[in-house]
There are 2 protein chains.
Amino acid sequence: MAVTIKDVARVAGVSPSTVCRALSTPNLVRDETCDRVRRAAADLGYSPNRAARGLITGRTANIGLIVPDLGNPFFPGVVKGIQARAREADYAVFLADTDEDPAAETQLVRTLAKQVDGLVLCSPRMSEQELRGFAAETPLVMLNRRVGRLPAITFANVDGMRQAVTHLTALGHRRIAYVAGPRTSWSNRERARGLRAAAASAGAALVEVGPVLPQFDGGVAAADPVLAAGVTAVIAYNDVIALGLLSRLHARGIAVPAEISVIGFDDIPMAAMVHPSLTTVGLPMESCGRAGVDLLLGLLQDPARYGTTRRELGTHLMVRGSTGAPPNA
Amino acid sequence: MAVTIKDVARVAGVSPSTVCRALSTPNLVRDETCDRVRRAAADLGYSPNRAARGLITGRTANIGLIVPDLGNPFFPGVVKGIQARAREADYAVFLADTDEDPAAETQLVRTLAKQVDGLVLCSPRMSEQELRGFAAETPLVMLNRRVGRLPAITFANVDGMRQAVTHLTALGHRRIAYVAGPRTSWSNRERARGLRAAAASAGAALVEVGPVLPQFDGGVAAADPVLAAGVTAVIAYNDVIALGLLSRLHARGIAVPAEISVIGFDDIPMAAMVHPSLTTVGLPMESCGRAGVDLLLGLLQDPARYGTTRRELGTHLMVRGSTGAPPNA
DNA sequence: TTGAAAGCGCTACCAA
DNA sequence: TTGGTAGCGCTTTCAA
């Protein structure tokens, strides 16, 4: 078995209590003793058993992270941000991928809740009611979704859409399509809302296509209806859909942006790598992860203060090759 | 605080020991008692504290997973496979992303080792020596790398390259470039070795370009040297590099596959989504994750038997649009 | 400044 | 078939 605090105590010639103190509150221990203990610990390669510690302190130093689909290029950035911030704060991360299944999500929350101090839920699929229930039991922060006053980090979807529309109308576009993501998705609703508002105030016509699955094939499928709608520009719910659009437009011999402009949302890595490169609304994904952990840590320290904190992170339009002036401008 | 086994015992009117048995070995408990306990547990919403259990059983029911970079599209598939298999076996997964930093990897292994029953290391960056050291202390399986006889799941890199070369020579190619990945990468060495052997036995000339970073920009940078080498086909260390190649070739107005054929390795999702779609050697990533967990579970049960088990998973060439006959065939 | 002892939640053993 | 007891590794009183 692994080396325990007793082994260190024996080698250092002190009691286990002293070892514990030497390692956690050195100022309560005579310097010389402290040194001896530290040396023994180092020699033996001791590192404390966090589970045992958690049992008594009631603090596991673990956080749980639940994501719907790691394969979705939106998530790795967020997860990396969470990892990085958690590591800085000396927390370990339990990760679970639910495969977009709300039932699995619920079960996973139950299982994880016991072994972590708090949970970060990425774009949770579960119902508002369930979410509220869990939030009452376990410190929890949501990413990319808001439910009531529950702690959450979100992106400025509405403002992102405003930026996209401003860009398009400045170029001269007057008729724009929106390829909608899933009706049940919080961010789709936000983006659609922002887009409608921006189009209305800019005096541009808006045609909604879909909803489609937020995947490459969804975009492929949406391209023909978009073309049929007689628009000069299209904004997709997200980049993956936009990439599908681009692919199908290319296959049909439609030039982008000469004949139609395309805008995505998220700024996933591939967006900058395709031809033409994709104009898109960029989300600070790593910051989102970090902010999520920060909020969770705050929540653990001072639930009253952070219990209803919601932060919205700014978004920024990345203008690239897929947008230009409309055909007959 | 959470509800403990004592609470359940009190409500059910039995001793904690009985609660424990009723829940874990019901056949040692009278049916009626068992029912009473279960009901009490359900009423109170009891679920056992796995950390406390682990303390005594010496089994945490957690596995640790360390990956170098979740942003690399190679990993999500593997991680999903691991998650899925772990969940089936009722294990939870600690995930750590090391950001390609070997030092972080070492530290993370140390930290995680205490709270898990075993570790899965994805394409580990650390030295052979360190790896051997850790393997002596903690059950551990490597994915995508072999070191001596340590337990590992790998892909048939050599055979994949044979398939790629066979495909190209069948089309008539006689002069092929290889864009190498990092010298330090185990899979790059394997792939290069397989490629050299296959080219030699097929009588094709091989030109090596690079090494380049295994990223899109690496591929972009490699395109010009490849063109200068006067080859009719190029095989990249991985898909991400191949995508960069494709992009730069497009920018220079070189038609693929009319003027040059391109093959990648991995079959990441984007490979099928670009124009022309990328011919590539497909790796069963989810299977790799599942196999890794299976091997780890075997290792935990019977270290002697599985201590040196290494499995190689088959690879399959996915022929797509980026390969064709050479220009003057 | 240090050590002894109690106990976190749980399981395993021995008696009954 | 059940309960009591000990103890996993650690931290935290309370005394000394």
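Here is the naming used below: chain letters follow the sequence lines, and residue numbers restart at 1 for every chain.
With hydrogens and angles disregarded, a donor-acceptor distance shorter than 3.5 Å links the side chain of R310(A) to the backbone of T308(A). Proximity of a side-chain donor or acceptor of T57(B) to a complementary backbone N or O of R59(B) within less than 3.5 Å is detected. Counting only distance, with no hydrogens or angles, the side chain of D7(B) and the backbone of T4(B) share a donor-acceptor pair below 3.5 Å. Listed for the R125(A) side chain is a donor-acceptor partner under 3.5 Å among the backbone atoms of S123(A). Although no hydrogens or angles enter the test, the distance criterion places a donor-acceptor pair under 3.5 Å between the side chain of Q83(B) and the main chain of L95(A). Between the side chain of E105(A) and the backbone N or O of V67(A), no donor-acceptor pair lies under 3.5 Å. Side-chain N or O atoms of R87(A) include one that pairs as donor or acceptor with a backbone N or O of D97(B) at under 3.5 Å.
Atom CG of D117(A) and atom P of dC8(C) are 19 Å apart (whole Å). When the P atom of dT12(D) is taken as reference, atom CG of L28(A) falls 11 Å away, rounded to whole Å. Across the protein-nucleic acid pair, D31(A) atom CG and dT2(C) atom C1' stand 15 Å apart, rounded to whole Å. Summarising the geometry, the separation between CG on L23(B) and P on dA12(C) is reported as 13 Å, rounded to the nearest angstrom. Atom NZ in K114(B) sits roughly 16 Å away from atom P in dC8(D) (whole-Å rounding). The interatomic distance linking I5(A) (CD1) with dT12(D) (P) rounds to 11 Å, in whole Å. Distance, R59(A) CZ to dC10(D) C1': 14 Å, rounded to whole Å. Rounded to an integer number of Å, the gap from CZ of R30(B) to C1' of dT1(D) is 8 Å.
Taking a 4.0 Å limit (strictly below) on heavy-atom distances, residues 34-57 of chain B reaches DNA chain D at L55(B), I56(B).
The CD atom of Q107(B) sits 9.5 Å away from atom CG of D101(B), with the distance rounded to the nearest 0.5 Å.
Salt-bridge formation is detected for the pair D69(B)/K80(A): a Lys NZ or Arg NE/NH1/NH2 atom is positioned less than 4.0 Å from an Asp or Glu carboxylate oxygen.
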Set out, line by line, the N/O atom pairs under 3.5 Å between protein and nucleotides 13-16 of chain D.
none

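Backbone-only engagement by T33(A) is indicated by non-hydrogen atom pairs under 4.0 Å involving sugar-phosphate atoms exclusively.
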Next on the checklist: Between T60(B) and D117(B), does the side-chain hydrogen bond (donor to acceptor under 3.5 Å, both in side chains) criterion hold? Intermediate values first, please.
Outcome noted: CA-CA 6 Å; T60(B) 62; D117(B) 295 334; 2.9 Å; yes
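Residues L23(A) and V8(A) have side chains not in contact (no heavy-atom distance under 4.5 Å, counting atoms from C-beta outward).
Nearest to the side-chain atoms of S15(A) among the listed nucleotides dG3(D), dA4(C), dC10(C) stands dA4(C).
In this structure, the helix from dT1(C)-dA16(D) to dA16(C)-dT1(D) shows an angle of 40° between the axis at its start and the axis at its end, each fitted on 5 base pairs and rounded to 10°.
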